[in-house]
Protein chains: 2
Amino acid sequence: MRSLPPASTQAIAADLIALLVAVTAGDPRVLTIQDQNALPSGPFELAHRSLQSGLRAWVERQTGLPLGYVEQLYTFADRDRTGAADQRIISISYLGLTREQGLTREQAESSQYEASWRSWYDYFPWEDHRLGTPVADKTLRSGLTAWIAAAPDRTTRSHRRQRAARLFGLDDHIWNEELVLQRYELMYEARLIPEALRGDGSPVPTAITTSVPGDPMILDHRRILATGIARLRAKIKYRPVVFELMPETFTLLQLQRCVEALAGKLVHKPNFRRLIEQQELVEDTGETSQETGGRPAKLFRFRRVVLAERAIAGTKLPISGT
Amino acid sequence: MRSLPPASTQAIAADLIALLVAVTAGDPRVLTIQDQNALPSGPFELAHRSLQSGLRAWVERQTGLPLGYVEQLYTFADRDRTGAADQRIISISYLGLTREQGLTREQAESSQYEASWRSWYDYFPWEDHRLGTPVADKTLRSGLTAWIAAAPDRTTRSHRRQRAARLFGLDDHIWNEELVLQRYELMYEARLIPEALRGDGSPVPTAITTSVPGDPMILDHRRILATGIARLRAKIKYRPVVFELMPETFTLLQLQRCVEALAGKLVHKPNFRRLIEQQELVEDTGETSQETGGRPAKLFRFRRVVLAERAIAGTKLPISGT
DNA sequence: GCCTATTATACTGATGTTGAGTATAAGTAT
DNA sequence: ATACTTATACTCAACATCAGTATAATAGGC
């Protein structure tokens, strides 16, 4: 077994990739650059104290966004993810939660990289189940069916059918909104998305491929996005991170809409309110909002103390399996 | 905002650190090298297809261990974690589950690095609550008390008291076995562990420091171990990963002891069995084990199919908050 | 043969959580 | 005024969880 450090002295470089999420107008959005098909990335420099501080410094300087919550997502270094074969880039991806606003003048005016916010459902239309099963499903389904039918033998076919059914909530399986990455991976295997067709010379089933909606991204950025969505959908259930995405004060329905936007499905209103109140996550500001079109709603504020209280204990949000 | 790759071409190297876990004789153990205070690490080479395949190849070749489950833990690159200031090592840590056996001859005979299995409670004695609150607690508690008392002002003191109470289950707080990392970080801040005293020239409260039990490790390896323990303790509750640590056949009590070893606390037997059976995680082999000293116990086998079935749906284990 | 230690198995009840439905209050648009 | 929208407050059944108890089957020591 090898001894300690003697680290390899090869041509390796490190990049930080930022997945910045905000929720605006009931839409979960990600910050993109370059014709809106790439995630912003920055170099990891020796000057940085740590990976996270490197990311924070770089993002806040360049965008002026208030980065509340930041967490490491995943580290990638697959050989085939970058074109060059002799050099290797390690990409450490981070998920950051913020609010869509306050892009610096510099940022807003510079159209060089065309930084802009885009709904993550532009890239994953099949992940939005708020209005029932999305339209994408019809073409997606035929793609899946073709993939299942194309299996070499009976058992493989059966396995594929099972897997597709479980992941996409077919037959009597229920839709599980957390399986974003697994669904993406299945579609990659099934070559239903353009990314799968890069680099190797195997036949391209254009008929299927071109028909499945959802914009692709460069390299494996869409995969990183899938990872982030999955992580966030899981996290909001046991950590009070949603509030990083909310304005200072908000109504309970706004909060609910935000959660629904992230989860991609609707929640039961009375239960949602019960859970929020039971856990004392918010406090009444005494003010009301009349912009709702109906009875004025109380405005609440996040009780910042719970961050200290439950850095530990955790939280619950009612996103059920139905 | 920066464009895409232009990755920095600085002196950066990448290392893979392996946290290999097995459970033997009711003890959760980790593979260590170098006088048993370091985790094995290997280089990340250009030849490797991906990070995970690099780790797998390297571990299995050198140790002959059957690596079942492998997952990425965390990526570190803090400046102060390595001695050298001008070079930067990115360490990607992985958690691997295996069984303690089948170390290759080469491995077993080579005493060069003295690879050996050690109980993770050697490094974290305060994490084992199977026999009630561990003895470590007395010295640990006085350390915490000193840290609380040393706070500069009243509010800080109150916060420290709160935090310590919640993390270590003092007063009427319950012990949460998942907070391994947070406890380690508190102790680091409170300078109750030797690692905290490296590198900077601040005063050393030897009286306290030397009295808190638990072996230190080199660099930030003990922190990585804490991260891994926390991850595993969380994971066994919703993923059937325990079985990677079990022999082919086992009794329900053996399984329970394994879970208890990992969680560091005892579980309620009837409830444990009910949950295991309800979920159909195991199947009867028809054989029994008489090595228990009592009534022969049925031998069970893990139903490998559930890996396919619930790569998705998840699993439950009864590790309660009491 | 009896006692004890060990495990297997079955049941019970209190408590808490969850999903879903209903009723009433307070505003706005027509 | 009326309808429509949203806010807020309850209720209820189904289910899961925690904890405790009782009984049966086997081995080993005395």
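Residue numbering restarts at 1 for every chain, and letters A, B, ... go by the order of the sequence lines.
- Projected onto DNA chain C by closest heavy-atom contact, B/R274 and B/K269 fall at different nucleotides, the more 5' of which corresponds to B/K269.
- Nucleic acid contact class of B/L252 (heavy atoms, under 4.0 Å, all strands): none.
- Atom NZ in A/K237 sits roughly 14 Å away from atom C1' in C/dT18 (whole-Å rounding).
- Spacing between atom CZ of B/R273 and atom P of D/dG20 amounts to 18 Å, rounded to whole angstrom units.
- Here the P atom of nucleotide C/dA20 and the CZ atom of A/F272 are 16 Å apart, to the nearest Å.
- Taking atom CD of B/Q278 as the reference point, atom P of C/dA10 lies 13 Å away to the nearest angstrom.
- In this entry the distance linking CD of B/Q254 with C1' of C/dT6 reads 14 Å, nearest Å.
- Between A/F243 and A/F302, the two ring planes are parallel [angle under 30°; tilted spans 30° to 60°].
- The side chain of B/T251 approaches C/dA8 more closely than any other nucleotide in the set C/dA8, C/dA10, D/dA7.
- The side chain to side chain contact (heavy atoms under 4.5 Å, CB included) test with A/R257 singles out one residue from A/L253, A/L255, A/V259, and that residue is A/L253.
- Between B/H268 and A/N271, the residue anchored closer to the 5' end of DNA chain D is A/N271, taking for each the nucleotide with the nearest heavy atom.
- Looking at B/R183, B/R233, B/K237 one by one, the single match for salt bridge (charged side-chain N to carboxylate O under 4.0 Å, His left out) with B/E178 turns out to be B/K237.
- In this structure, A/R295 does not reach the D/dT8 phosphate: none of its side-chain N or O atoms is under 4.0 Å from OP1 or OP2.
- As a whole-Å value, the separation of A/E277 CD from D/dA7 C1' is 11 Å.
- Computed from coordinates, the A/L255 CG to D/dT6 P distance equals 17 Å when rounded to whole Å.
- Separating the CG atom of A/L299 from the C1' atom of D/dT6 is a distance of 14 Å, rounded to the nearest angstrom.
- For B/K298 and C/dT7, the shortest distance from a side-chain N or O to OP1 or OP2 is not below 4.0 Å.
- By the 30° and 60° cut-offs, the orientation of the rings of A/W175 relative to A/H129 is parallel.
- For the pair B/R161 (side chain) and B/I148 (backbone), a donor-acceptor distance under 3.5 Å is absent.
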